[in-house]
Each structure stands twice: as C-alpha cells, then as structure tokens.
2 protein chains.
Amino acid sequence: MITKNTSAPAVDATLRAWGLRLTRQRRIILEVVHATDAHPTAAFVYRRVRRRLPRVSLATVYRNLRRLAAEGFLAERADPSGVRFDGNTAPHDHFTCVACGRIYDVPTRATRGVRARIAVRSGFEVLNHRVEFYGRCGACRRQGGRSPVKGQRRS
Amino acid sequence: MITKNTSAPAVDATLRAWGLRLTRQRRIILEVVHATDAHPTAAFVYRRVRRRLPRVSLATVYRNLRRLAAEGFLAERADPSGVRFDGNTAPHDHFTCVACGRIYDVPTRATRGVRARIAVRSGFEVLNHRVEFYGRCGACRRQGGRSPVKGQRRS
DNA sequence: ATAGATGCAAACTCTTTGCAGGTCG
DNA sequence: CGACCTGCAAAGAGTTTGCATCTAT
C-alpha cells in the first residue's frame, strides 16, 4: 500500500528534502489519502480533512494533492468518474466494478510482461503502463445486480 | 480504424435502426471523428465541424458525441488531459507520448492474454480491460526532447 | 526574518440543460 | 404532421488563481 516511507518523521524529512514544508494541512491530507483504499477524489479528501481541520479550504486540498502527486508522494489518475488520487504509489493495476463503482487494487503479477512485449514495437520507448479491468466484483455478482450503474457516486 | 460500417448509406441505416435521425450535424460529427486518429476532444471536433457547418453549437457536438458513444458508434475515454473520443471502436490499446502528447493506437496483439490471466482471480468477473502505455515516441526520441511536457495542448 | 503555505472569493474551463423554433422521415 | 433535433443562453460541476494574511523553519 505504501511506497515511500510514510511514518511521520520520515515523511517530514522526505518532504523537506523536496523543499516542502510539513504543514498541518499537508500532513492531514497525506494521512487521509494513505488511510483509505477508496481511490478518493479531491472532494472526498476535502470532506475527510475537514473533519479534523474544519477551516481548511478546498483550494488547499487541491493544491496539495496536485503538488504531492507531482512529487511522487501520491498517484493521480483520471477515469470516467473524474480525477482520483491513490496513496499506493507502487505499481499495481485496477479493477473497477461497473455495478457498484468500487475500484479494487490488483497486483501486477497478472500483467507482468506486458511492457516487455510492447517495448519491441517500432520506436516506442515505454516508460510506464497501466492496466484497467472492468467487470463485476464478487459482492455484486452474488447480489445479482443486473444492470450496471451509470451515474456513479464519486466518493 | 472502423468497426461499424461507416459508408454513408450504411451509417444512415444503422442509425435509424437505433432510432436516431441522420441529421446533417450528426453525419458531419461522425465523419470528423472517423477522419482523424488524433483521439479528439469535444472542442477539437467542434472546431472541425464548424468549418463545414459554421452555425453548429457546441451543445450539439456534446450531445451527439455522447449519444453516438452510448450507442457504440464511437468510443469515449477519459485520460489526464480530459475526455476524448475515438472512431476506432475495435479493441485496441494506446500509447501516449509524454513528450508530444500524441496518442497512438497499439494493436492488442501484444497484450492478448491479459484478461485471461486476471480472470482467475477471486470473484471478479472481467468484462473488459484497457491497457495504456506511456513513454516517448520515435519522433520525440530522435529529437531528443529531454523533459516531458506538462501542460499539453488538448487538440 | 522570510520563503512558502493558507483561506477566501472570484475566475475559468468543460459540460449539461431548458426552451423556443427548426427539420427529418 | 409529429417526434426528434438544433441553437442559444444560462446554469452546473470541478478546478485554478490572485491576494492579503499567516506560519514553519
């Protein structure tokens, strides 16, 4: 779940090495994202952070999520439901349930080798790749929810 | 590049079978998307359509892109630069050049088997999957553009 | 002390919607 | 003719920015 060491002192040191101050807002935003596997949107993070820091502004949440992602402390990804952040910066794939909208992490085990195979293609230098699966998760299959939901809540 | 038969009469017939009229706007929007491999945004399509139909409205472009995608005449995908449409509805993967921002189609040959491998995982029913590669394309490698561009034009 | 971060409000971009009028079949 | 579609303008969602103030180091 965690790539960079996220224990409080380690985060502090690493942030500072990047020239970033460990403000209260920044620390809590980081904690919130790391504490969930819900692949949260900015709005979700904002709601959570506000529980502990009622006067935080949405702008601060956006600025920090973007900055932390740019510096590699978080991963940022776009999907049909919008932009989402992920505390798990280790390589992994995703499975999105089209019935309930939940996004599950999938170990890259299954897709290892994909990059090597494409790399041989004419002229492309592959630096990274992402695999996204879509389908129905175990829970939804059992409940037999037949029709995929369209307007997903954006947690 | 083309899945459904896109010759004028065939499109007409197919659209009608779906209960859609072949209006001039709809036809040109479809032609524009099918005529490019640039994975265009709505704004790009709007600009192009307006060359031939100066009074078209952006709302009509959006309504039609969404509708046509919902009916399977186009593919719709979200990436960090926004929502893009693709006239190629056949299964294929994408390679995005982080230097120039261009998106290339990649045959699924290289990634075939990915789904089968994940399918065995506990409880997930995989209906679909997508592979996205990121790296530098041949042209950009030769030009030696060193630093990846951040604010990409959204063609 | 001071570079950097925050809160607030306004601005911006992208997308959707209501409605009166136009068009396809 | 009637259902569907369009253009326009206004509204909505999500995100960014300018600026005065505050704070971590």
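In the text below, chain A, chain B and the rest are named by the order of the sequence lines, each starting its count at 1.
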What integer distance in Å separates A:Tyr62:OH from C:dT13:C1'?
-> 12 Å
In terms of ring plane angle, is the pair A:Phe73 and A:Trp18 parallel, tilted or perpendicular, where the classes change at 30° and 60°?
-> perpendicular
Specify the separation, in whole Å, of atom CZ of B:Phe44 and atom C1' of C:dC14.
-> 18 Å
State the CZ-CD1 distance between A:Phe95 and A:Ile103, to the nearest 0.5 angstrom.
-> 11.5 Å
What integer distance in Å separates B:Tyr46:OH from C:dT15:C1'?
-> 14 Å
In 5'-to-3' order, the base (B), backbone-only (S) or no-contact (-) status of each nucleotide in nucleotides 20-25 of chain D, using a 4.0 angstrom heavy-atom cut-off, is ---BBS
At how many degrees, to 10°, do the end axes of the helix from C:dA1-D:dT25 to C:dG25-D:dC1 meet when each uses five pairs?
-> 40°
note: A:Arg50, atom CZ; C:dT6, atom P; distance rounded to Å ~ 17 Å
Check the interface with nucleotides 8-10 of chain D: list each N/O to N/O pair with the protein under 3.5 Å, or write none.
from, atom 1, to, atom 2, distance (Å)
D:dC8, OP1, B:Arg55, NH2, 2.9

In whole angstroms, the gap separating P of C:dC12 from CG of B:Leu58 amounts to 18 Å
Any donor-acceptor pair under 3.5 Å linking the side chain of B:Arg84 with the backbone of B:Ala78?
-> no
To the nearest Å, how far apart are B:Arg26 CZ and C:dT23 P?
-> 16 Å
Answer yes if the side chains of A:His94 and A:Asp79 hold a donor-acceptor pair under 3.5 Å, and no otherwise.
-> no
Check step by step if ring pair (Phe, Tyr, Trp, His ring centres under 6.0 Å) holds for B:Tyr104 and A:Phe124.
-> CA-CA 10 Å; B:Tyr104 298 84; A:Phe124 292 165; 5.1 Å; yes
For the pair B:Asp105 and B:His39, evaluate side-chain hydrogen bond (donor to acceptor under 3.5 Å, both in side chains) and give the outcome as yes or no after the intermediate values.
-> CA-CA 9 Å; B:Asp105 285 350; B:His39 304 83; 2.7 Å; yes
Connected via hydrophobic side-chain network under 4.5 Å: A:Leu68 and A:Val83 = yes
A:Leu65 atom CG is separated from C:dT6 atom P, nearest whole Å, by 11 Å
Main-chain N/O of A:Ala90 paired with A:His92 side-chain donor or acceptor, under 3.5 Å = yes
Examine the side chains of B:His129 and A:Asp93 and answer whether a donor and an acceptor come within less than 3.5 Å of each other.
-> no
Distance, rounded to the nearest Å, where B:Trp18 contributes CH2 and D:dC4 contributes C1' | 18 Å
If we ignore angles and hydrogens, is there a donor and acceptor under 3.5 Å between the side chains of B:Arg66 and B:Tyr62?
-> no
Find out if a path of hydrophobic residues (ILVMFWY) with successive side-chain heavy-atom gaps under 4.5 Å connects A:Val32 to A:Val56.
-> yes
Winner on side-chain proximity to A:Asn64, out of D:dG7, C:dT6, D:dT16, is C:dT6
Residue met sooner reading DNA chain C from 5', once A:Leu53 and B:Arg66 are mapped to nucleotides = A:Leu53
